[in-house]
Number of protein chains: 2
Amino acid sequence: MDEHRAVDPQPPEPRAAVPKSVLARGLLLLDAFGPSDAELTLAELSARTGLAKPTAHRLLAQLVAWGGVERGTRGGYRLSLSLFVLGQRAPRQRSLREAALPYLEDLYEATHENVHLAVQDGTDTLFLDKVSGRRSTPIVSRVGSRLPAHCTATGKLFLALGPPEHLRRAVQAGLARLTPRTIITPGMLRADLARTLDRGYGLNREESEVGVTAVAAPIFDHRRRVIAAVSITGGSHRLDLERLAPAVRTAALSLSRELVRESTHGRLTLDEGDRNRSVGGAAYSESRPHFLGAS
Amino acid sequence: MDEHRAVDPQPPEPRAAVPKSVLARGLLLLDAFGPSDAELTLAELSARTGLAKPTAHRLLAQLVAWGGVERGTRGGYRLSLSLFVLGQRAPRQRSLREAALPYLEDLYEATHENVHLAVQDGTDTLFLDKVSGRRSTPIVSRVGSRLPAHCTATGKLFLALGPPEHLRRAVQAGLARLTPRTIITPGMLRADLARTLDRGYGLNREESEVGVTAVAAPIFDHRRRVIAAVSITGGSHRLDLERLAPAVRTAALSLSRELVRESTHGRLTLDEGDRNRSVGGAAYSESRPHFLGAS
DNA sequence: GCTCGGCATTCCGTCCAGTGGAACGTGTTC
DNA sequence: GAACACGTTCCACTGGACGGAATGCCGAGC
């Protein structure tokens, strides 16, 4: 049904204890929708969540009344447009996307390849936006989908420039092999991240998808912490990574500067919240100041 | 704080009866976040929803545990990235956006102006996607925001080509005046829609925002029902609407054809669900076949 | 420095909304 | 036409949810 399964594999819905609170149960139903599910039946939802059928039925009726879920053509349930609209109100993604779009467009226009805006989410790279066109190499990524950080150009930047804690967790989570070229040993990954720091941009040479390479550059906030990354992704034979690197870096640099400018005017909401509080506010990239210098 | 207020005014949160069910109350808290709210305090959320503070507090804790809401830097609550990701799973918007993006990019590249992908939502036009760049005229629209159908190029297409029922409801809802040029009398609107049908594309001449004009063309499904529209929007003095119309129409036409092709392969989810069931499956545009013909 | 006001948070006795096994109706399969 | 799977409704039991009241925490103002 959907050829993009590989990116966001169906969560194997564990037989975890069903939460007791009604609210949590209702939200469980929303989570039951995987990234590639168009429409789910009551029976499926009941099975995936572990809720009794009558319970699921009743809660779904409420979700439908709310508007976040709608009934599909063939009796099933599907996530609705209202939910999409609600998601667009998330302040962090919105300000980032709006500020970044012009730069993404410039990169797209220059290359006509896939251009991504990504943030870190746990040990993954999460794609906030994707620009591509007819001439772009078809790839698996989607807006809202994720890939393991260790095998993507953007993800490696987060691991190289972010708090060491993140790298530790990523290694501990296991370096999944997506292609024969994926770096799966902690030692080689560390070496690769060191090279990433030296060069000032991230690379992915067929490490997440066969035949696909990418260049990425980091975006910093006013404290010089990495908050996002932009990348160009395309077919290995078409993309000249070394030639594109300066363009990506320049775009990321200008974007960083614009974000800093805006944030001093108090119009931005980019803070990570409490999630990465473990970070002591230090600027992890300060040891490599050339990341912010001219290329 | 946010210069885009005008697009999506803060909903005046009525003193409506608080729903009884726990789930509905929790979801009410999500709805309490307006399009421009970055962070809300417990007190604000309690006031907006009408929930008692302890209740709101408890429910919010559950929303935070779920991941859809996060605690901001200054103690408040805000919608999180997970919610954005969840919203991206809505199948209709996803398939449309993915199919349309290349065409939107082409239009952007040709004009460097704002390019929209919109669908109808009640009596509004809802923007599913927006492509713009540094050179584009700054306008108020955002992804996920809406404007009244009667004063937008895309919205007029929905009113002109969709079931008469929609037009009736829009008129009945009152034709809000956004600028001096907004069409606010039903008679003039009907005349304008007739012209829209004749020409085959929608126009907006400073009717939603002073100094801003737009051209739009409709996208049809396999039954020739309008399901979406694309538009180019920019400064009145810069945009030559008559010259751009063929480009927009061509893009919309190719996109329509692609969608029909894909839907016969069963890879698409574009149906309106039950919302517009009142529509008897008829093809409202059939009386104007040239909409699907060459320009 | 102290008070006051507004906020978030916790407590706890009352009570009603939520639960899910069972039963039913319907449409599809063998 | 029996068997099955699915969505839907029913209803007596029960434990989760409610919210007024009390507490703790800050920052502003005198």
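Any value given below was found using the heavy atoms of this structure, including those in side chains, with hydrogens, waters and symmetry copies removed. A, B, ... follow the sequence lines: proteins, then strands. Residue 1 opens every chain.
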Separation of atom NZ in A:K53 from atom C1' in C:dG21, rounded to whole Å: 12 Å
Flag, side chain of B:R89 to backbone of A:G144, donor-acceptor distance under 3.5 Å: no
From D:dT9, C:dT19, D:dC18, nucleotide with atom closest to A:R58 side chain: C:dT19
Separation of atom CG in A:L45 from atom C1' in D:dC6, rounded to whole Å: 13 Å
Pairing of B:D129 and A:R97 as salt bridge, 4.0 angstrom limit: yes
Selected nucleotide, minimal atom distance to B:H57 side chain, candidates C:dG18, D:dT8, C:dA8: C:dA8
B:T49 side chain to B:L29 backbone, donor-acceptor under 3.5 Å: no
Rounded distance (Å) that lies between atom P of C:dT10 and atom CG of B:L42: 11 Å
Partner of A:F158 by side chain to side chain contact (heavy atoms under 4.5 Å, CB included), out of A:D121, A:I227, A:V226: A:V226
A:S141 side chain to A:H116 side chain, donor-acceptor N/O pair below 3.5 angstrom: yes
Length of the CG-P vector between A:L60 and D:dT9, whole Å: 13 Å
Nucleotide-resolved protein contact map, nucleotides 25-30 of chain C, B/S/- at heavy-atom distance under 4.0 Å: ------
Ionic contact status for A:R168 with A:E165, cut-off 4.0 Å: yes
Atom pair distance, as rounded to whole Å: CG in B:L59 and C1' in D:dG16: 12 Å
Presence of A:T55 side-chain N/O under 4.0 Å of C:dG20 phosphate oxygens OP1/OP2: yes
